[in-house]
Amino acid sequence: MSGLNRFCDALLEYAKRHCDGEYEIYATNGESFRVEILNGQIKNYSVNDYAGISFRVKKNGKMGYASTTSTDESGIPDLVTAAEENAELIENPDEQFIFAGADSYPSPKVYGEELDGVSASEKIEFAKLLEKKALEADPKIIKVEGSTVVSAKNTVVIKNCHGMDLCEKSDFIAAYVIPIASDGERMNDGFGVCGGFDRACLDADKAVKKGVSEALDFLGAGSVPSAAMRIIFRNSAFCDMLETFSGVFSSENAQRGLSMLAGKEGEKIASDCVTLTDDATLDYGFGSRAFDSEGVPGRRTAVVENGVLKTLLYNLKTAHKAGVQSTGNASKGGYSAPIGISVNNFTLSPGRKSLEQLCEKMGDGLMITEVSGLHAGANPMTGDFSLMAKGYLVENGVRGRAVTGVTVSGNFYELLKDIEEPGSDTYHNMFGEAVSSPSVLIGSAMSVAGE
Amino acid sequence: MIEKKIAEEVLLRAMSTGADYAELYVEDTTADSIMMIADCVDSANTSRNKGAGVRVFCGTNSVYAYGNGTDEASLLSLADKAAAAAGTARDARIDLVLNNVSFDPLCRAAEPVASVAKKDRVDALKQAYSAARGYSDRIVQVRAGLNSSVKRVYVANSEGVVGEDERPYIRLFVASVASDGSENQSGFVGPGTSAGFEFVRGLDLAEAGREASRIADTMLSAGKCPAGRMPVVMDNAFGGVVFHEACGHALEATAVGLSNSVFCGKMGQKIANEKVTAVDDGTIPGQWGSLSMSDEGEKTQRITLIKDGVLTGYMIDKLGSRRMGMPSTGSGRRQDYTFAPTSRMTNTFICAGKDKREDIIASTEKGLYAAKMGGGSVNPVTGEFNFAVSEGYMIRGGRICEPVRGATLIGKGYEVLQNIDMVSDDLELGQGMCGSISGSIPTNVGQPMIRISEITVGGEIE
């Protein structure tokens with residue numbers, strides 16, 4: 001860390017002498033650990049520490065970027081020159097901002113002190129425990145893939161020409177297990193996960209139970225005849241949908257004609273029971289942070305309230321363009337990427353009914369527990385999706401047999417307006433974007449293709 | 001890139017606790033990207049990503065330590081970390097002599113992108129952009145980018161091999177959005193290769209731009225695709241994503257070596273229609289997925305995966321080779337030093353057959369013509385895959401009819417392979433990025449036009 005700090009200070013010094021315009025450093029530094037167990041032995045083990053420094057500079061009002069992973073100070077002149085050359089190529093007239101900093105910042109808890117004390121051998125033992133429990137859970141579980149523990153510690157530093165000097169440390173631990181069931185002819189895998197900011201979140205029973213039941217339930221599961229069917233998206237599946245389409249709430253996408261929510265702030269875009277909140281300040285939220293990637297303080301934002309779009313999500317550039325304030329959603333897709341927009345902790349407010357009660361209400365239909373092919377079969381620009389899905393048939397309000405080999409198709413913008421009722425069973429997405437959602441019952445039938 | 005003495009010491013230290021193989025991988029990659037949207041250059045970025053990884057094997061178990069430092073102290077520290085995780089100290093030292101191995105340079109930049117002024121790169125990008133933008137009134141937005149990189153790779157291992165490689169990459173992408181006021185549709189092209197700026201000069205940039213917009217504009221007029229099981233004719237080039245997802249991943253040692261593939265134990269068995277012959281070929285000069293040297297310091301190969309429907313080969317990396325008791329096919333690849341390598345695809349395609357395109361369409365009574373495919377994914381354990389059709393048309397009475405959108409094809413890999421009943425003679429390759437446990441890497445997919453006699457099409461229930 002000290003090598004990184006030294007480099008950042010030297011870079012600031014150099015930039016001060018050489019750059020006419022404003023400039024900013026965004027640096028990350030951290031360490032991570034990963035162990036995977038197979039047959040009681042360490043199959044894969046990986047440790048690392050890494051640093052990445054991104055530098056951006058304004059030249060004639062235009063912003064250029066350059067980044068490096070080397071903290072060798074002799075690389076500073078080239079880094080600055082590359083960023084300035086890149087600034088000279090920019091034609092977009094939108095005003096760009098380097099923030100002077102705010103007077104106060106929230107301090108959401110994102111660092112689990114206890115995790116420092118969890119040793120490598122404890123992590124190895126836990127991964128072994130996951131495999132052991134999964135194998136013992138059922139005779140049809142013939143092996144376990146990926147009994148894995150991952151942990152990471154990360155520091156983000158933002159320093160700039162206005163004296164803004166921010167630093168935030170975060171950490172995380174997670175474990176997952178992939179039990180594989182077989183009936184002699186076919187195999188099927190399930191996935192169970194647990195994680196968070198302290199030892200207590202490593203819950204082997206919870207992860208194994210989910211992984212094993214999924215592996216067993218879907219073994220030999222068949223398809224259904226193609227039909228229009230009533231649908232419940234189970235909580236984790238709806239998290240995936242919200243994550244895939246979260247870009248529709250980005251003001252940058254809206255301003256570029258890439259979201260159909262452009263110009264719809266204040267309008268009803270979803271059904272009455274839909275309330276979506278983005279909150280960077282939640283203690284131990286997987287997406288929490290004190291400041292966004294431009295140093296704007298984190299906050300809680302009501303995005304959709306009872307179906308009405310209250311605001312899109314903004315960074316400094318897009319906010320200025322729209323004549324509003326940044327909502328603290330500036331983000332970088334990796335330390336070296338230019339500033340964009342993403343959600344922090346994006347939550348669909350839960351309702352009152354349990355998943356079982358939603359099934360009762362639905363009567364007959366399909367409960368989708370997993371969707372895949374999201375990177376290819378979903379188009380955030382158009383809202384269209386056609387995704388491979390699996391789940392359970394629901395008959396007479398009761399969960400029935402497992403179903404696989406189907407697709408479900410629709411349009412996300414239509415789906416928002418068609419959510420009939422959210423459940424009470426909120427699931428928090430741990431990997432990817434921090435989206436939280438309960439299970440949701442959809443009002444109209446949707447196209448399901450199967451046999 | 002690394003002094004031999006240092007590399008030798010790193011490898012010996014890494015093996016000092018009982019590991020039976022050690023590998024040092026060092027990488028230095030510089031990349032540029034320029035992006036246009038809303039009719040102007042919107043962002044420009046340059047990155048330098050440098051780092052190293054030390055990997056050791058103890059039988060079929062692997063330990064990997066990586067970091068950014070590539071100086072002697074950092075590399076030795078990685079070796080110590082790897083050794084510490086691999087076992088406990090012992091005294092025996094192994095003899096190790098490193099020998100430089102040279103690899104035929106398959107991918108060279110005749111005109112390195114670094115030698116081309118950034119303004120000239122912008123001019124080329126603008127040719128593609130403006131052609132896309134001006135295609136029709138209904139094109140409301142275009143995003144286009146030019147990404148280029150040079151990756152320098154160094155591998156040294158305890159088998160005594162030292163190899164280096166320098167890999168140039170360049171790729172243009174154009175994504176167009178067409179709108180009629182109430183709905184959007186999109187189109188995408190992404191030609192690229194492992195070469196220098198000569199690739200861009202040789203491209204018909206305006207045609208590439210127009211193609212992205214043509215797809216978007218056509219799909220705007222398209223109705224929803226019907227759902228159900230039907231024959232699907234898949235056009236060539238990027239249609240090969242079918243094979244990549246339905247079959248390719250399940251033939252990697254990454255899955256097979258752990259008995260996690262539906263194709264385990266099926267060598268010599270008929271797994272596809274006899275019209276199907278498919279290869280993975282990392283040796284094609286100057287192609288997007290080709291490599292002079294694998295990320296494990298081995299020569300890449302042309303691997304015949306399926307011959308006349310019979311399974312004849314897997315893609316195997318060093319660790320997979322140990323697990324499967326079969327020789328490596330030089331298939332070890334990784335995104336960068338932050339990943340340990342595993343067996344991956346290179347240029348993977350169904351070979352040209354004997355049928356004629358016209359006959360394939362003409363002999364299909366009712367089905368879907370997938371002119372352009374989007375991406376997809378697969379679960380090698382169950383064989384279930386999915387992929388998206390980005391430009392589709394109904395076939396009725398042997399003729400291509402109205403455009404349809406929103407189709408996703410799903411199925412089981414081994415079923416689809418049996419159902420490929422026509423394979424034309426017009427093979428072409430298409431560029432993509434493939435993701436797996438060793439990260440995201442450039443791969444080519446490819447095929448001639450093929451027909452799948454029956455597959456589940458996800459669309460709208462009529």
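Letters A, B, ... mirror the listed sequences (proteins, then strands); counts begin at 1. All values below were derived from every heavy atom in this structure, side-chain atoms included, with hydrogens, water molecules and symmetry-related copies excluded.
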**OP:** Compare all side-chain heavy atoms of Ile37(B) with those of Leu258(A) and state whether any distance is below 4.5 angstrom.
**Re:** yes
Original post:
When heavy-atom pairs shorter than 4.5 Å are enumerated against chain B, which of Gly75(A), Ala337(A), Gly450(A) gives the highest number?
Top reply: Gly450(A)
Original post:
How many angstroms lie between CD in Glu88(A) and NZ in Lys119(B), if you round to the nearest 0.5 Å?
Top reply: 6.0 Å
Subject >> Proximity breakdown for Arg121(B) and chain A, heavy-atom pairs closer than 4.5 Å >> reply: neither
Subject >> Per-residue contact mode, Met373(B) against chain A (heavy atom under 4.5 angstrom) >> reply: neither
**OP:** Kindly compute the distance separating CE (Met388(A)) from OG1 (Thr456(B)), expressed to the nearest 0.5 Å.
**Re:** 11.0 Å
**OP:** Using modelled atom types only, decide if a donor and an acceptor are shared between the side chain of Asn92(A) and the backbone of Cys40(B) within a distance under 3.5 Å.
**Re:** no
Subject >> chain A interface, residue from Leu409(B), Val122(B), Asn379(B) that has the most non-hydrogen pairs under 4.5 Å >> reply: Asn379(B)
**OP:** May I ask you to name which of Asn68(B), Val63(B), Asp32(B) has the most heavy-atom pairs under 4.5 Å with chain A?
**Re:** Asn68(B)
Original post:
chain B heavy atoms under 4.5 Å from Ile90(A): which part of the residue, side chain, backbone, both or neither?
Top reply: both
Original post:
Given the options Arg56(A), Glu85(A), Glu145(A), Met229(A), which has more heavy-atom pairs under 4.5 Å with chain B than any of the others?
Top reply: Glu145(A)
Original post:
How long is the span from the CZ atom in Phe385(A) to the OG1 atom in Thr408(B), to the nearest 0.5 Å?
Top reply: 10.5 Å
Subject >> Interface residue of largest heavy-atom contact number with chain B, from Ala376(A), Ser386(A), Ala66(A), under 4.5 Å >> reply: Ser386(A)
**OP:** Check whether any side-chain heavy atom of Asp49(A) lies under 4.5 Å from a side-chain heavy atom of Lys81(B), and answer yes or no.
**Re:** yes
Original post:
Is chain A contacted by the side chain of Val457(B), its backbone, both, or neither, given a heavy-atom distance below 4.5 Å?
Top reply: backbone
Original post:
Taking every heavy-atom pair that is under 4.5 Å apart, which of Ser43(B), Gly406(B), Gly67(B), Gly376(B) has the most such pairs with chain A?
Top reply: Gly376(B)
**OP:** Select one option (side chain, backbone, both, neither) describing which atoms of Ala31(B) are under 4.5 Å from chain A's heavy atoms.
**Re:** neither
Subject >> Nearest-0.5 Å distance, OG of residue Ser62(B) to NZ of residue Lys43(A) >> reply: 9.5 Å
Original post:
Looking only at atom types and distance, does a side-chain atom of Asn45(B) sit under 3.5 Å from a main-chain N or O of Ser336(A), one as donor and one as acceptor?
Top reply: yes
Original post:
Looking at Met187(A) and Thr382(B), what are the two nearest heavy atoms and their distance?
Top reply: O-CG2, 3.6 Å
Original post:
With only heavy atoms counted, which part of Ser182(B) is less than 4.5 Å from chain A, the side chain, the backbone, both or neither?
Top reply: backbone
Original post:
When you look at NZ of Lys128(A), are more than 12 heavy atoms from neighbouring residues, nucleotides or ligands closer to it than 6.0 Å?
Top reply: yes
Original post:
Does Lys143(A) reach the main-chain N or O of Leu258(B) with its side chain, forming a donor-acceptor pair under 3.5 Å?
Top reply: yes
**OP:** Using a strict 4.0 Å threshold on nitrogen-to-oxygen distance, state whether Lys126(B) and Glu91(A) make a salt bridge.
**Re:** yes
Subject >> Heavy-atom check, side chain of Thr382(A) versus side chain of Glu183(B), under 4.5 Å >> reply: no
Original post:
Nearest 0.5 Å, what's the CG-CD distance between Asn253(A) and Gln141(B)?
Top reply: 10.0 Å
Subject >> Proximal component of Phe385(B), with respect to chain A [non-hydrogen, under 4.5 Å] >> reply: backbone
**OP:** Below 4.5 Å from any heavy atom of chain B, which atoms of Asp189(A) appear? Answer side chain, backbone, both or neither.
**Re:** both
**OP:** Please check if any side-chain donor atom of Asn44(A) sits under 3.5 Å from a side-chain acceptor atom of Asn61(B), or the reverse.
**Re:** no
Original post:
In terms of heavy-atom proximity below 4.5 Å to chain A, should Leu78(B) be classed as side chain, backbone, both, or neither?
Top reply: neither
Subject >> Residue pairs passing the side chain to side chain donor-acceptor pair (under 3.5 Å) test where at least one lies in residues 218-230 of chain A, sequence neighbours excluded >> reply: Arg230(A)-Glu420(A)
Subject >> Part of Ala445(A) within contact of chain B (heavy atom distance under 4.5 Å) >> reply: neither
Subject >> Under 3.5 Å side-chain donor-acceptor pair for Ser409(A) and Glu460(B) >> reply: no
Subject >> Per-residue contact mode, Arg256(A) against chain B (heavy atom under 4.5 angstrom) >> reply: both
**OP:** Side-chain contact test, heavy atoms from C-beta onward, threshold under 4.5 Å: evaluate it for Ser33(B) versus Tyr65(A) and give yes or no.
**Re:** no
Subject >> salt_bridge(Lys62(A), Asp42(B)) N-O dist < 4.0 Å >> reply: no
Original post:
Listed by chain and number, what are the side chain to side chain contact (heavy atoms under 4.5 Å, CB included) partners of Thr68(A), not counting sequence neighbours?
Top reply: Phe7(A), Ile53(A), Ser70(A), Leu79(A), Arg48(B)
**OP:** In sequence, state the C-alpha distance, the side-chain angles, and the governing distance for Val381(B) and Asn188(A), and then conclude on side-chain contact (heavy atoms from CB on, under 4.5 Å).
**Re:** CA-CA 6 Å; Val381(B) 170; Asn188(A) 187 58; 5.8 Å; no
Original post:
In terms of heavy-atom proximity below 4.5 Å to chain A, should Arg405(B) be classed as side chain, backbone, both, or neither?
Top reply: side chain
Subject >> Main-chain N/O of Ser67(A) paired to Ser47(B) side chain as donor or acceptor, under 3.5 Å >> reply: no
Subject >> Among the listed options Ala38(B), Ala340(B), Ser186(B), Gly374(B), the residue most often paired with chain A at heavy-atom distances under 4.5 Å >> reply: Ser186(B)
Original post:
For Glu36(A), is it the side chain, the backbone, both or neither that has a heavy atom under 4.5 Å from a heavy atom of chain B?
Top reply: neither
Subject >> Pairs of heavy atoms under 4.5 Å with chain B: top-ranked of Leu387(A), Thr404(A), Val35(A), Ile178(A) >> reply: Thr404(A)
Subject >> Ala82(A) versus chain B, the contacting section by heavy-atom distance below 4.5 Å >> reply: both
**OP:** Heavy atoms only, distances under 4.5 angstrom: which of Asn86(A), Thr407(A), Leu38(A) has the most pairs with chain B? Name it, please.
**Re:** Asn86(A)
**OP:** Please look at Val448(A) and chain B and tell me whether the side chain, the backbone, both or neither of the residue comes under 4.5 angstrom of a heavy atom of that chain.
**Re:** backbone
**OP:** Check whether any side-chain heavy atom of Tyr337(B) lies under 4.5 Å from a side-chain heavy atom of Thr69(A), and answer yes or no.
**Re:** yes
Original post:
Out of Asn48(A), Asp78(A), Asn379(A), which one racks up the most heavy-atom pairs below 4.5 Å with chain B?
Top reply: Asn48(A)
Original post:
If you round to the nearest 0.5 Å, how far is CG of Asn49(B) from OH of Tyr335(A)?
Top reply: 4.5 Å
Subject >> Top contributor to chain A interface from Gly53(B), Gly435(B), Ala65(B), Gly459(B) [non-hydrogen pairs under 4.5 Å] >> reply: Gly459(B)
